[in-house]
Amino acid sequence: MNIAVLLSGGVDSSVVVHLLCEQGYRPSLFYIKIGRDDADYMDCSAEEDMEMASAIARRYGLSLEVVDLHREYWDQVAAYAIDKIRRGLTPNPDVMCNKLIKFGCFEQRVGKDFDVTATGHYATTVLRGGKTWLGTAADSMKDQTDFLAQIDYLQVSKLMFPLGRLMKNEVRDIALRAGLPSARRRDSQGICFLGKIDYNDFVRRFLGEREGDIVELETGRKLGKHRGYWFHTIGQRKGLGLGGGPWFVVCKDVEENVIYVSRGCDTAWQYGYEFYMHDFHFITDNPWKEAQKEVEVTFKIRHTPEFVKGRLQKEAEGYRIVSEEKLQGIAPGQFGVVYDADARLCVGSGEIYI
């Protein structure tokens with residue numbers, strides 16, 4: 001098999017290379033560059049990543065090619081994030097990066113010449129009914145299918161996830177035993193294109209600051225000031241600068257630039273039992289075509305290890321999820337990711353609205 005590996009310089013993708021070589025493959029390695037060299041507002045730690053990626057390539061005598069997709073990334077992903085934030089929504093750039101850049105632009109430019117593209121994502125592929133489905137990982141703490149929930153069938157059918165049936169500690173152990181240079185490297189955190197850059201600093205560069213009121217939802221009492229609704233998201237607790245809390249952001253008035261907050265860990269305003277999704281995207285197929293109006297599912301509304309049980313209902317303008325448990329901080333703009341009832345298959349996702 002002719003295999004392309006997306007190599008990031010981290011321990012996960014390095015172990016992918018090691019495992020493939022152990023199985024007798026000679027994959028071609030590719031490093032996707034998404035940061036701009038002249039952009040002081042972006043810091044992708046690219047230099048250290050490249051050093052690690054190059055070291056892995058030398059270790060196994062494999063070719064490594066840098067694929068520069070920074071312009072495509074800015075046009076398709078970073079601009080998407082800024083637009084959503086400006087509209088008061090909570091975007092998920094990592095989801096769109098996977099869909100549009102790693103398995104979109106890269107596939108069109110390079111991946112098309114290979115049988116499969118292998119990555120270090122914690123996910124699996126499952127063959128069922130003659131079709132390839134996106135499956136969850138053995139390690140629920142590391143499962144990344146929610147970041148892959150906008151890819152399409154052509155993309156998932158060409159992907160290979162060698163780590164999907166391993167636990168994270170097993171991956172670390174393999175890297176240590178193999179003496180990989182990235183074996184002790186810490187996992188990357190946060191939004192993919194920001195690196196060490198503070199999120200608020202990035203947003204400030206493009207949207208600036210505009211002072212507005214922080215208001216207690218129940219009483220209408222003004223509690224303080226903020227520097228722009230775009231710095232805050234639904235469910236946020238930290239960074240409000242208010243005493244006597246805890247305070248939670250429960251809604252935003254984009255037109256008036258007002259942040260509404262509610263106090264207390266158990267305030268009903270920060271919880272909900274249902275949400276709606278528009279533009280719902282099935283990765284492979286709709287497995288419930290023949291089902292009645294309501295089906296049992298599991299789902300996520302943010303990147304967590306837990307799969308929440310609920311019911312999926314078809315509505316006139318999309319889908320509605322009714323949860324079996326209280327949901328904290330349902331944030332419009334994020335993706336609701338839907339799985340089958342056993343949380344084995346990631347079926348698809350849609351953008352949340354309330």
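Given the structure is predicted, the values throughout are model-derived calculations rather than measurements.
Side chains of Glu325 and Lys309 form no contact here, defined as non-hydrogen atoms less than 4.5 Å apart. Within the 4.5 Å cutoff, the side chain of Lys252 has no heavy atoms near those of the Tyr260 side chain. Between Asn98 and Gln144, every side-chain heavy-atom pair lies at or beyond the 4.5 Å cut-off. No side-chain heavy atom of Val116 sits under 4.5 Å from any side-chain heavy atom of Leu159. The shortest distance between side-chain heavy atoms of Ile85 and Tyr80 does not fall below 4.5 Å. Side-chain contact between Ile32 and Leu6: present, with at least one pair of heavy atoms (C-beta onward) separated by less than 4.5 Å. Considering only heavy atoms from C-beta on, Arg344 stays 4.5 Å or farther from Tyr339 through its side chain.
Closest heavy-atom contact between Glu294 and Arg311: OE2-CD, 2.8 Å. Scanning all heavy atoms of the two residues, the minimum distance from His121 to Thr119 falls at ND1-OG1, 2.7 Å. Of all the heavy atoms in Val258 and Val215, the pair that sits closest is CG1-CG2, 3.8 Å. The shortest non-hydrogen separation linking Pro91 to Ala81 is CG-O, 3.8 Å.
Side-chain contact, Ser13 with Ser8: a donor N or O sits under 3.5 Å from an acceptor N or O. No side-chain donor-acceptor contact under 3.5 Å links Ser28 and Glu65. For the 3.5 Å distance criterion, the side chains of Ser349 and Gln150 qualify, holding a donor opposite an acceptor. Remark: the Tyr60 side chain and the His18 side chain contain an N/O donor-acceptor pair separated by less than 3.5 Å. Side chains of Glu51 and Ser54: no donor on one and acceptor on the other come within 3.5 Å. No side-chain donor from either of Tyr122 and Thr145 sits under 3.5 Å from a side-chain acceptor of the other.
Between Asp12 and Lys168, at least one side-chain N (NZ, or NE/NH1/NH2) sits under 4.0 Å from a carboxylate O, which counts as a salt bridge. Under the 4.0 Å criterion applied to side-chain N and carboxylate O atoms, Arg227 and Glu211 are not assigned as salt-bridge partners. The pair Asp94-Lys102 fails the salt-bridge criterion, with no side-chain N (NZ, NE, NH1 or NH2) lying under 4.0 Å from an Asp/Glu carboxylate O.
Formation of a donor-acceptor pair under 3.5 Å by the Asp253 side chain with backbone atoms of Asn257 is not found in this model. Of the possible polar contacts, one joining the Arg185 side chain to the Gly9 backbone as a donor-acceptor pair under 3.5 Å is found. Listed for the Lys158 side chain is a donor-acceptor partner under 3.5 Å among the backbone atoms of Gly111.
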side-chain hydrogen bond (donor to acceptor under 3.5 Å, both in side chains) between Thr125 and Thr132, intermediate numbers included: CA-CA 6 Å; Thr125 54; Thr132 303; over 6 Å; no
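Contacts of Phe106 classified as ring pair (Phe, Tyr, Trp, His ring centres under 6.0 Å), with partners at least two apart in sequence or in another chain: Phe30.
Residue pairs meeting the salt bridge (charged side-chain N to carboxylate O under 4.0 Å, His left out) criterion with at least one partner in residues 110-123, sequence neighbours excluded, do not occur; the list is empty.
Ring orientation note: the planes of Phe202 and Trp74 are nearly perpendicular, at an angle over 60° on the 30°/60° scale.
Each of Leu64, Leu20, Ile56 was compared with Val5 under the side chain to side chain contact (heavy atoms under 4.5 Å, CB included) criterion, and only Leu20 meets it.
At least one test fails for Lys326 against the ring of Tyr273: distance under 6.0 Å to the centre or angle within 45° of the axis.
Annotation for Arg26: atom CZ counts as buried by contact number, over 12 foreign heavy atoms lying within 6.0 Å. In this structure, Arg302 places its CZ atom where more than 12 heavy-atom neighbours from other residues, nucleotides or ligands lie under 6.0 Å away.
Residue Lys142 holds its NZ atom at 11.0 Å from CE of Met167, rounded to the nearest 0.5 Å.
Both Phe161 and Phe114 sit in one connected hydrophobic cluster of ILVMFWY residues. Membership requires side-chain heavy atoms under 4.5 Å apart, directly or through other members.
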